[in-house]
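Note that the structure is predicted; figures quoted are calculated from it, not measured.
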Amino acid sequence: MGKNDFLTPKAIANRIKAKGLQKLRWYCQMCQKQCRDENGFKCHCMSESHQRQMQVFGQNPNRIVDGYSEEFEREFLEHMKRSHRFSRVAATVVYNEYIADRHHIHMNSTEWATLTEFVKYLGRTGKCKVEETPKGWFITYIDRDSETLFKERLKNKRMRADMVEEEKQERQIKRQIEKAEQLMPLVGGSSQPNESELVSLKSENGGKIAFALGSSKLIVKEKVESSKLVFEDGESENIVKGKGAGGSGIGGVSALDELMREQEKVKERNNRKDYWLCEGIVVKVMSKALAEKGYYKKKGIVLKVIDRYVGEIEMLDSKHVLRVDQEELETVIPQIGGLLRIVNGAYRGSNARLLAVDTEKYSAKVQIEKGIYDGRVLQAVEYEDICKVGQ
């Protein structure tokens, strides 16, 4: 066996030493050779192969440095996209993960002398969101992938379509209310039908009874009488009051109330989802698995929603950022008069003020602010459907 054969103890020791990362200043990027000490690096620089590479480098140094810089930036961002696509993470953590590969492009061959300069460059060019904190530089990857942008545009388009549909329904209800108010004088002048007529109508129309608000006085009278019979059980108080002021008019109002209730039910069915997380709300972490780290029953603000069911939560106390599933989160109820957001149900996405709390029924009375429902008061909204808005 020769002196420097593959299986000699010295050769094995050299391979073991070469496995790990070595000093950055003893790495030659042009030759892609890592030296273990200063003497080895000095000998390499005096070698003939290194001198030839230096001659190549001297012919066009800017082009070679720019090429290494582009490759370093591309691989660094690719690692960010794979490992920390939606996270806010320390720049040193990402860099240490990146250089774990022995054959990576070393920073001493790029145009950036330090990691801080490279991080500032990413912030200036808009490739990452950069934050300087007492604990160092933190970066967040900005996803500009074409597929992601396409999904974001589709999501915004759906949201705009939903808003247009809600506004259309609201305008339709307002038109029906105005038409009913215009027909009220016509209905109020008609005489109240006797009990025998009402009984016969009820027996004849035992199935579904449809009603409409037409322009003819006769049609309005017949429809209002039938609607009064349909809602006789549910609206007994209105009927008792209407005996002195004309039963037909009160029946028309109750029919209109029923129409509005149907619209509310449709809105509730369309907007009731199995996910409720949204950005900007304050939530409480209820995961017992995080109790050891001190996050159990602690509050945080939702910074970002991932795939509808997972939220990036920034804790209010420690400013740490966690990813938690909505099953392990709980809504937070503000103080009376505080600002909140309706996160589920008919008025999903609307901001409101808390007016009162019913602890027995676990519900709250809120008043909507801004939007097409501005000023509307909701009497009983469940705790699970409302959440405090972060300031």
Side-chain angles (χ1 to χ4, degrees), residues 21 24-25 27 29 62-156 159 277-283 285 293 295 300-326 390-391:
L21 292 172
L24 180 62
R25 64 176 179 270
Y27 183 84
Q29 186 67 60
N62 292 331
R63 184 175 63 85
I64 295 176
V65 171
D66 291 344
Y68 283 137
S69 301
E70 290 177 6
E71 190 172 354
F72 176 83
E73 178 187 346
R74 183 176 65 252
E75 292 181 358
F76 188 90
L77 292 176
E78 186 66 26
H79 177 76
M80 275 283 295
K81 182 179 179 180
R82 286 197 311 269
S83 303
H84 307 284
R85 189 167 188 172
F86 303 107
S87 302
R88 174 179 172 268
V89 63
T92 53
V93 173
V94 182
Y95 181 70
N96 289 332
E97 293 174 354
Y98 169 72
I99 66 174
D101 179 15
R102 286 184 60 212
H103 303 291
H104 70 277
I105 302 298
H106 287 61
M107 187 173 282
N108 63 352
S109 61
T110 66
E111 60 184 87
W112 305 288
T114 62
L115 180 62
T116 301
E117 292 181 11
F118 178 62
V119 169
K120 289 180 179 178
Y121 162 79
L122 293 179
R124 285 196 307 270
T125 54
K127 295 181 170 105
C128 288
K129 181 182 177 182
V130 177
E131 300 175 55
E132 185 179 10
T133 67
K135 295 183 179 180
W137 290 91
F138 282 77
I139 54 178
T140 306
Y141 180 71
I142 299 176
D143 195 353
R144 301 188 184 277
D145 186 40
S146 58
E147 183 178 354
T148 305
L149 295 176
F150 178 70
K151 289 181 179 178
E152 190 70 23
R153 284 196 296 270
L154 284 180
K155 180 182 176 182
N156 294 335
M159 290 176 63
L277 278 179
C278 58
E279 297 179 4
I281 60 175
V282 179
V283 294
V285 177
K293 298 183 179 180
Y295 299 126
I301 297 180
V302 180
L303 298 179
K304 193 172 186 179
V305 180
I306 304 168
D307 296 332
R308 297 181 179 179
Y309 299 94
V310 180
E312 271 195 10
I313 315 298
E314 182 182 17
M315 307 309 295
L316 297 179
D317 297 336
S318 60
K319 300 299 181 182
H320 293 168
V321 178
L322 312 175
R323 281 192 185 182
V324 187
D325 191 90
Q326 73 169 13
Q391 300 297 328

Quiz item: Quick one: does Q326's side chain get under 4.5 Å of V305's, heavy atoms only?
Solution: no

Over all atoms of both residues, closest heavy-atom pair of [X] and [Y]:
| X | Y | value |
| --- | --- | --- |
| A91 | V119 | CB-CG2, 3.7 Å |
| L77 | C128 | CD2-SG, 3.9 Å |
| H104 | H106 | O-ND1, 3.0 Å |
| F72 | I105 | CD1-O, 3.1 Å |

If I take atom [atom1] from residue [X] and atom [atom2] from residue [Y], how far apart are they, to the nearest 0.5 angstrom?
| X | Y | atom1 | atom2 | value |
| --- | --- | --- | --- | --- |
| I313 | I301 | CD1 | CD1 | 9.5 Å |
| I64 | S109 | CD1 | OG | 11.0 Å |
| L115 | M107 | CG | CE | 5.0 Å |
| I139 | M80 | CD1 | CE | 4.0 Å |
| L322 | H320 | CG | NE2 | 8.5 Å |
| K135 | T92 | NZ | OG1 | 12.0 Å |

Exercise. Would you please test Y295 and S318 for side chain to side chain contact (heavy atoms under 4.5 Å, CB included) and show each step?
Key: CA-CA 9 Å; Y295 299 126; S318 60; 4.0 Å; yes

Quiz item: Can Y141 and H84 be said to form a side chain to side chain contact (heavy atoms under 4.5 Å, CB included), step by step?
Solution: CA-CA 7 Å; Y141 180 71; H84 307 284; over 6 Å; no

Quiz item: Hey, are E73 and Y121 close enough side-chain-wise for a donor-acceptor pair under 3.5 Å?
Solution: yes

Exercise. May I ask you to check whether over 12 heavy atoms, not counting those of R308, lie within 6.0 Å of atom CZ?
Key: no

Quiz item: When you look at NZ of K127, are more than 12 heavy atoms from neighbouring residues, nucleotides or ligands closer to it than 6.0 Å?
Solution: yes

Quiz item: Using the ring of each side chain (for Trp, its six-membered ring), is Y98 parallel, tilted or perpendicular to F76, with breaks at 30° and 60°?
Solution: perpendicular

Quiz item: What do the steps show when you test R88 against E314 for salt bridge (charged side-chain N to carboxylate O under 4.0 Å, His left out), and what is the final call?
Solution: CA-CA 10 Å; R88 174 179 172 268; E314 182 182 17; 5.5 Å; no

Exercise. Could you tell me which residues satisfy ring pair (Phe, Tyr, Trp, His ring centres under 6.0 Å) with Y68, sequence neighbours excluded, listed by chain and number?
Key: none

Self-check item: side chain to side chain contact (heavy atoms under 4.5 Å, CB included) assessment of Y95 paired with F118
Solution: CA-CA 11 Å; Y95 181 70; F118 178 62; over 6 Å; no

Practice problem: Start with the C-alpha gap between V130 and K120, add the side-chain angles, then the distance that decides, and say whether side chain to side chain contact (heavy atoms under 4.5 Å, CB included) holds. | Solution: CA-CA 7 Å; V130 177; K120 289 180 179 178; 5.9 Å; no

